[in-house]
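Take a look at the structure set out below.
In this text the structure is predicted, and so the values were computed from the model without any measurement. Note that these values count all heavy atoms, side chains included, but never hydrogens, waters or copies made by symmetry. Below, read A as the first sequence line, B as the second, and so on, with proteins coming before strands; counting in each chain starts at 1.
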Amino acid sequence: MKLLLNLLKTPMFVIGTTIFFGTVLVALFAPMMYHVDIIARVGMPYMPPGKEHLLGTNHLGVDMMSLLIKGLGSSLYVGFLAGMIATVTGTLLGIYGGFKGGWQDDFITLITNLFLVIPTFVVLILISSSLKEGRSLALIAGIIGATAWTWSARAVRAQSASIKSRDHIALARVNGEGTLKIVVKQILPYLFSYVFMVFIMQTASGILSEACISMIGLGPYDTVSLGTILNEAMRNEALGDGAWWAFIPPMILITIIVFALNFINTSMEGVFNPRLRK
Amino acid sequence: MKHLSLLKFMVIGALSCGIISCQQKKPGTVTEEGFPREKTLYLAGFQWGDPNTFNPLSDWPAFPVGGKYNLMYEPLVVFNSITGKIEGLLADSPERTDSTISVKMNPMARWSDGKPLTSADVKFTFEIGKRFKGAPTAYVWDFISDITVDTVVDSSASGEMKLEKIVFFINKKERNNPLVVMDILQNIRIVPRHSIEALLAEAGGELAELQKLKFDKDPVVSGPYNLLRYSNEKIVLKRRDDYWGCMALYNNRLPQPVYIIHPIYKSNDHFSIALQQGNLDISATFIPRIWLKAKEGVATWYKKEPFFIPATIPMLQINTTRYPLSDRNVRRAMAYAINYKDIRELAVSGYSPPILSGLILPFGVEADYCNAEDIQKYGVSYDPEKARAIMKEAGYTSVFDADGKLNHVKNAKGEKVPTMSVKSPAGWSDWESMVQIAVKGMRAAGIDVREGFVDASLYWSCMPVGDFDLLMQKPVPEVTPSKPWSRFDAVMSSRNWKPEGEKMNENQGRYNNPSSKDYNPEVDNLLKRIPTLTDNEEKIKAYRQLNIIFMQDMPALPLAYLPEQFYEFSTRNWINFPTEENSYAPPQCLCYGAGTKALWEIKSVAAE
């Protein structure tokens with residue numbers, strides 16, 4: 001609680017959370033107030049912003065505002081899901097390896113290191129391009145999560161290995177508690193703030209990864225994300241024809257979401273890390 | 001981790017800014033090592049994949065060898081779509097009798113090694129098709145029965161001259177089709193007998209072995225340019241200053257560009273940016289909203305809509321052997337589900353006049369055969385309700401998700417109908433948009449179709465063997481006097497019907513299988529009869545019949561009317577390109593048909 005109060009005293013955290021939750025609220029509630037239709041054609045290609053269409057239309061005459069709202073939702077969803085997958089996988093493997101030690105730890109470390117040296121973005125491209133059918137948002141999130149867990153695993157492993165040698169763990173062992181119980185009850189609480197920060201960064205990284213692979217044309221099918229909007233704009237010469245409304249708004253959205261998440265993370269680090277605490 | 005995020009952020013930033021910076025780069029004298037800009041013509045849009053072979057006898061040789069280009073290998077004659085006349089090249093314009101078509105060889109024609117280009121080369125080129133079934137010229141022997149050579153004496157002001165006259169006998173027994181024989185004279189590029197015969201002997205007399213040769217080291221050619229070098233990024237051609245045609249056809253003048261470079265880009269927007277920057281002089285690719293690019297010196301044939309001369313029909317060819325596309329009802333429902341107006345206005349920037357059902361262009365020379373009544377009665381137009389009704393009536397149930405997206409389709413037996421995919425080359429943005437709009441309409445009408453954009457080289461190899469559900473294509477796009485017959489033939493002829501997996505040059509959708517119980521012999525009969533008809537009334541009647549069958553059976557889904565080839569040029573480095581006002585040559589990108597002659601007429605801006 002005290003930590004939360006401390007956090008709320010940090011202007012960086014307040015700004016970050018306000019912006020971030022602002023975008024989440026828009027993604028969740030805007031469709032109730034604004035008629036979102038990403039299928040219907042409402043005008044000519046690249047109509048400039050006006051009264052009827054606040055942000056103009058795209059190359060297929062679809063309302064840009066609708067696309068943005070829908071795209072924002074998809075991008076946040078992919079980010080959250082990817083962040084969740086990467087954090088949960090990484091944390092579980094990290095804690096287990098760090099706590100258990102021995103050959104299990106060696107094995108997990110080996111796998112983690114192996115994955116770390118493979119350029120994940122290339123793996124991401126290869127996997128996405130090999131999946132021709134049915135690339136859904138969840139699948140894209142899964143692919144991103146599956147390639148991004150290594151950082152969390154490595155960081156968490158180091159932390160849990162250091163906690164392992166503390167007295168209360170030894171005490172719990174003496175009391176006959178099982179590995180699972182010790183991990184959940186004795187180690188996780190110490191790591192919680194750290195894991196949460198990892199989650200925030202994984203989410204930001206997930207949103208960017210989605211935008212990246214969508215931008216090069218390997219994004220989800222049959223739906224709209226901020227990355228696919230950029231990809232369509234790029235391929236259909238929005239820039240050449242001066243249709244700034246087709247690519248500037250999604251770029252701004254991606255930028256502010258990621259900045260907000262970075263703000264939150266940095267401010268939390270300042271509060272959670274005793275050495276950085278002011 | 002932060003670094004990782006930052007890195008990804010920078011990737012997006014760089015990708016976006018990349019376009020911006022490209023866009024704002026000031027044009028200037030962009031030169032490439034060794035190729036002075038004022039002597040180099042950059043021309044693109046013909047070669048998409050990696051150039052793998054320049055062998056004129058292989059199936060898909062790279063630019064400028066192959067179907068329609070005459071920069072390296074030349075045809076006997078070329079068709080000028082602006083004047084509607086057949087013009088001479090290696091030979092003079094053809095003379096036609098009831099049973100023969102003959103041309104007189106140009107006695108000045110020479111190969112690049114100085115040897116004369118004679119009737120022996122012509123005969124050799126055609127006869128390769130007789131000797132080998134796999135040769136690109138094999139099909140011509142369905143249409144011609146024999147080739148003979150006579151010597152005629154031509155008396156002109158400069159004296160008497162002996163000329164070789166080549167007589168092509170129309171194959172009365174087989175196809176009896178003078179229209180195609182005329183096309184053949186324009187389509188077949190003559191190859192040098194003396195060099196190829198030797199190579200063929202070295203290959204043990206096997207064409208398949210010969211086809212493995214790349215012909216990329218100083219090949220013997222007859223055209224005004226020859227291959228200098230090539231890579232996966234570009235193909236460079238160098239002018240042949242000893243080209244025979246300079247003396248024989250162009251008053252001893254040389255083509256203006258010393259080099260022709262064909263850069264290989266991956267998608268339409270690259271061409272557009274390069275044109276606007278002046279890094280590309282001519283492009284045969286789709287460029288949206290061309291009127292917005294006029295300020296950058298990019299122009300085309302017309303200054304106003306439709307900007308291009310519409311002449312061909314891009315369509316979705318349907319593999320009629322695959323379920324459920326084998327069901328005529330599904331095909332008709334598809335045709336009703338497509339929003340053609342959206343395709344015209346959104347996908348092709350209004351470059352197409354409004355489309356009517358059927359395979360006949362309702363304007364130009366084909367207009368005579370296009371019957372409004374038939375179209376009213378049998379044709380289809382955008383009507384999603386009707387599409388749904390047809391599907392329902394045929395026993396299909398479309399299952400939609402709660403959010404209105406199509407999930408799957410079941411047939412009358414309750415089985416799930418396979419999802420169909422539309423194969424189209426990735427990066428061809430106009431085709432991509434057309435496919436997207438068509439798919440959007442079909443899915444909304446409850447037909448389970450998806451986009452399937454594939455690499456261009458894969459696309460071309462899937463086409464002849466029928467490895468597709470639906471295939472985006474533009475059959476026989478060349479403007480030739482044989483239209484619209486050749487378009488019908490390309491889509492509907494089952495004369496050479498082969499099962500999927502074997503090559504078919506026409507009707508790749510395997511429509512009208514002659515051994516099936518639904519075979520409609522009338523289609524092939526009409527296709528056989530039309531070329532021999534001379535009476536216009538008869539012709540109109542036959543075309544009407546054929547068009548009605550097409551509209552009823554829907555073996556393909558026409559989407560719009562587009563030009564034979566897109567033709568955009570930039571006036572930053574070269575000027576005097578053919579246009580509507582300056583129509584000295586047809587809009588053929590200076591590398592094929594009668595359009596090549598513009599190479600002698602364009603002017604370098606720097607030299608002015």
Side-chain angles (χ1 to χ4, degrees), chain A residues 39-41 44-46 57-62 120-121 132-134 148 150-152 154-155 197-198 201-202 204-212 215-217 221-223 226-227 230-243 247-248 250-251 254-255 258-259 261-262 265-266, chain B residues 1-13 15-20 22-24 267-270 272-273 275-276 287-289 291-293 296 298 339 341-342 345-347 349-350 403-406 419 421 426-427 429-430 432-433 436-437 439-441 443-444 450-454:
Chain A
I39 306 279
R41 171 192 172 185
M44 293 305 286
Y46 290 142
T57 60
N58 77 350
H59 69 288
L60 292 179
V62 178
T120 47
F121 194 63
K132 295 235 180 283
E133 303 288 327
T150 48
W151 287 101
S152 344
R154 214 179 138 112
M197 276 157 59
V198 166
M201 284 322 291
Q202 291 283 22
S205 155
I207 291 171
L208 281 179
S209 296
E210 187 278 326
C212 276
M215 177 110 182
I216 56 173
Y221 265 139
D222 214 19
T223 188
L226 294 177
L230 284 175
N231 174 263
E232 298 267 294
M234 179 176 78
R235 283 189 308 146
N236 293 286
E237 297 183 27
L239 209 128
D241 293 349
F247 57 92
I248 298 276
M251 271 166 73
I254 295 176
T255 313
V258 176
F259 264 108
L261 287 170
N262 270 308
N265 191 61
T266 316
Chain B
M1 190 146 59
K2 231 180 264 176
H3 293 295
L4 191 71
S5 308
L6 200 68
L7 189 76
K8 283 172 191 161
F9 198 76
M10 280 158 64
V11 171
I12 296 197
L15 280 172
S16 326
C17 298
I19 331 172
I20 297 175
C22 287
Q23 201 57 31
Q24 289 174 342
S267 75
N268 280 347
D269 53 318
H270 297 180
S272 174
I273 290 168
L275 262 183
Q276 292 177 63
I287 289 182
R289 299 170 289 280
W291 55 94
L292 293 176
K293 278 93 180 175
E296 302 291 340
V298 177
N339 190 334
K341 183 166 168 266
D342 275 5
E345 290 181 352
L346 303 175
S349 287
D403 60 355
K405 275 186 205 159
L406 180 68
T419 304
S421 153
S429 60
D430 54 332
E432 282 181 2
S433 297
Q436 277 171 346
I437 293 169
V439 166
K440 186 166 105 176
R443 292 194 72 79
R450 289 265 181 214
E451 297 102 342
F453 300 124
V454 295

Checklist entry - Minimum heavy-atom separation for B:Ser433 to A:Asn236, with atom names? => result OG-OD1, 4.0 Å

Next on the checklist: Counting neighbours of NZ on B:Lys405 that are heavy atoms of other residues, nucleotides or ligands and sit closer than 6.0 Å, is the number greater than 12?
Outcome noted: yes

Next on the checklist: I'd like to verify something: which residue of A:Met44, A:Arg235, A:Arg41 has the highest number of heavy-atom pairs under 4.5 Å with chain B?
Outcome noted: A:Arg41

Item to check | Salt-bridge contact B:Arg289-A:Glu237 (side-chain N to carboxylate O under 4.0 Å) | outcome: no

Next on the checklist: For B:Leu346 versus A:Gly61, what's the shortest heavy-atom pair and its separation?
Outcome noted: CD2-N, 3.9 Å

Next on the checklist: Heavy-atom cut-off 4.5 Å, strictly under: side chain, backbone, both or neither for B:Asp342 against chain A?
Outcome noted: both

Checklist entry - Who passes side chain to side chain contact (heavy atoms under 4.5 Å, CB included) against B:Ser267, sequence neighbours left out? => result B:Asp269, B:His270

Next on the checklist: To the nearest 0.5 Å, what is the distance between OG on B:Ser272 and CG on A:Leu239?
Outcome noted: 10.5 Å

Item to check | With B:Glu451 via side chain to side chain contact (heavy atoms under 4.5 Å, CB included) - residues at least two apart | outcome: B:Val435, B:Gln436, B:Val439, B:Phe453

